[in-house]
Amino acid sequence: MKIPFNRPTRVANEFESMRAAYDSHKIAGDGPCGKEVEKILQQQMQAEKVLLTTSCTHALEIAGILLDLKPGDEVIVPSFTFVTTALAFLMAGAKPVFADIRPDTLNIDEQQLPSIITPRTRAIVVVHYAGVGCEMDAIQSICDRHRLVLIEDNAHGLFGSYRGRPLGSFGSLATQSFHETKNITCGEGGALIINDHAYIERAEIIREKGTDRSRFFRGQVDKYSWIDKGSSYVLSDILAAMLQAQFLVFEEIQSMRRSIWQRYRQQLRDWALQYRIRLPCVPDHCDQAYHMFYLLLPDGRSRDAFISYLEDHAISAVFHYLPLNLSRMGLKLNGDKQPCPVSENVSERLVRLPFYTNMTGEEQARVIQVATGFNPAVHIQAKLFRQE
Ligand SMILES: *Cc1c(COP(=O)(O)O)cnc(C)c1O
């Protein structure tokens, strides 16, 4: 039996919850399940307002529209992230500017920010990589000093915290993902977290196809009409029902993921030390979100050999991200003016092990047993030999 890289989180009551939503004949967006999930998230984040969306990408698009960007405006994003952290702001008219990452946490390098801020910079988007907080004290003070909007792409960081404060509560805006690979999932879904009151009214309008339909449903206007830009960004209540079933037991989900993460760290430590393989770095002032377990191999050849070795033993491991500054679109936007050496180096060496909420003890034991049988010197040779 092959061990997959990911299996979507599954708790007990998703089907019952979705069935109840269906039976209530309210399956469009903003139904009772959606409201309940928004309430849980709002309490968790101590947010002003939470709006469920069709994806994290769409929540980022709403954030982009809210910034009212003018041609030539720049938005700083890390180079080492998923495409849509940058794409959403490009769609809203900005030029993404790529920042390199720190070699320890693989988060945006806050020390580099002052040198890439220009008079056209409008916002900084941070990603809490693997659910470990970016250096928010420094980043927040840079944003204050330069009057920049701080946005958190918190797709990895749900339930993590930085100096005791929830990730997703620092930015004026933050976004969540409920894609099938994330800790809590409904297949495809997301949320916009609003921490600055001034954005609430317009965000509701943008999310409701540019109309003031939300105010109409609250009885604040007697008809609704077209007010602003927007699109169809509201999550169906069937999907919100699936999320609700998982949010009601989020502490159990997190505790299952914590155990799996800690077992990997404990049982891979000696082997990693022996072969100069680096385990994830979690600073003391960060409570991580247990989103993934990654390793940094000494170089690209050993990383590729490790992935094929695991594949030969029926274990799926994957790598990500290709640095955005080197992507075809990134080069078109920035030329080669902006090298991000750490991001480029890490991208060749990183591997993510199978890691999912419902991973069994036997599955994990097999991954650990196989992984610790890997010896870069021996297996790089074996791979070369086979290719000849
Ligand atoms: C998963 C992810 C996204 C995209 O989320 P969707 O809900 O699939 O749009 C964006 N940013 C990061 C960092 C992610 O990991």
Side-chain angles (χ1 to χ4, degrees), residues 5-6 8-9 29 34 37 41 50-65 75-92 96 98-99 101-102 105-108 123-134 150-160 167-168 170-171 173-193 207 231-236 239-240 242-243 246-247 257 280 288-294 318-325 327 329-330 343 346-347 350 352 355-357:
F5 163 69
N6 178 62
T9 294
V37 171
L41 259 171
V50 173
L51 298 171
L52 286 184
T53 59
T54 33
S55 68
C56 180
T57 300
H58 282 166
L60 288 163
E61 284 183 19
I62 298 175
I65 297 171
V75 172
I76 295 175
V77 301
S79 148
F80 194 68
T81 181
F82 188 62
V83 173
T84 57
T85 311
L87 176 62
F89 297 92
L90 178 77
M91 298 281 283
F98 304 111
I101 52 169
R102 297 168 55 108
T105 56
L106 315 188
N107 281 328
I108 194 164
I124 297 178
V125 188
V126 300
V127 174
H128 306 294
Y129 183 75
V132 176
C134 297
L150 175 60
I151 296 170
E152 295 172 87
D153 174 346
N154 196 33
H156 301 183
L158 181 61
F159 308 126
L167 301 180
F170 291 87
L173 300 162
T175 62
Q176 301 297 152
S177 173
F178 305 118
H179 182 257
E180 70 171 7
T181 51
K182 305 304 199 285
N183 295 24
I184 285 190
T185 182
C186 61
E188 301 273 2
L192 179 69
I193 315 292
R207 173 173 163 271
S231 192
S232 182
Y233 291 133
V234 182
L235 187 73
S236 153
L239 294 177
M242 180 164 171
L243 289 182
Q246 299 192 358
F247 267 105
R257 299 182 76 96
Q288 64 150 319
Y290 302 101
H291 173 55
M292 70 169 86
F293 195 94
Y294 70 84
V318 302
F319 65 86
H320 75 171
Y321 297 108
L322 299 173
L324 295 181
N325 59 309
S327 66
M329 192 68 194
S343 164
V346 160
S347 163
L350 188 137
R352 297 172 64 183
F355 185 77
Y356 39 91
T357 311

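In listed order, ligands and their atoms are each counted from 1.
Close approach of ligand 1 to A155 is summarised as follows: ligand atoms under 4.0 Å from at least one heavy atom of the residue are 2 (C), 11 (N), 12 (C), 13 (C), 14 (C), 15 (O). Interface atoms of ligand 1 facing G189, defined by a heavy-atom separation under 4.0 Å, are 7 (O). Numbered from 1 in the order shown, with element, the atoms of ligand 1 that lie under 4.0 Å from a heavy atom of Y321 read 15 (O). Close contacts between ligand 1 and T81 involve ligand atoms 13 (C) [criterion: under 4.0 Å to a heavy atom]. Near S55, meaning under 4.0 Å from any of its heavy atoms, are these atoms of ligand 1: 7 (O), 9 (O). Of all atoms in ligand 1, listed by their number and element, those nearer than 4.0 Å to a heavy atom of T84 are 4 (C), 10 (C). Ligand-side atoms of ligand 1 in range of C56: 4 (C), 5 (O), 6 (P), 7 (O), 9 (O), 10 (C), range being under 4.0 angstrom from any heavy atom.
Checked against a 6.0 Å centroid threshold, the rings of Y129 and H320 count as neighbours.
Judged by distance alone, the side chain of T185 and the main-chain N or O of H179 form a donor-acceptor pair under 3.5 Å. Judged by distance alone, the side chain of T9 and the main-chain N or O of N183 form a donor-acceptor pair under 3.5 Å. Looking only at distances, a side-chain donor or acceptor of N6 sits under 3.5 Å from a matching main-chain atom of E180. Counting only distance, with no hydrogens or angles, the side chain of S55 and the backbone of G190 share no donor-acceptor pair below 3.5 Å.
Of the protein's heavy atoms, K182 NZ, 3.0 Å lies nearest to atom 2 (C) of ligand 1. In terms of protein heavy atoms, atom 9 (O) of ligand 1 is closest to T57 OG1, 2.5 Å. Among all non-hydrogen protein atoms, the one lying nearest atom 15 (O) of ligand 1 is H156 NE2, 2.9 Å. Among protein heavy atoms, the minimum distance from atom 3 (C) of ligand 1 is reached at F82 CD2, 3.6 Å.
Side-chain atoms of L52 and F178, non-hydrogen and from C-beta on, do get closer than 4.5 Å to each other.
Among T185, T53, D153, the residue whose heavy atom lies closest to atom 10 (C) of ligand 1 is D153.
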(message) As a quick check of understanding, evaluate side chain to side chain contact (heavy atoms under 4.5 Å, CB included) for V83 and L324, giving each step before the final call.
(response) CA-CA 7 Å; V83 173; L324 295 181; 4.3 Å; yes

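The number of heavy-atom neighbours closer than 6.0 Å to CZ of F247, taken from other residues, nucleotides and ligands shown, is above 12.
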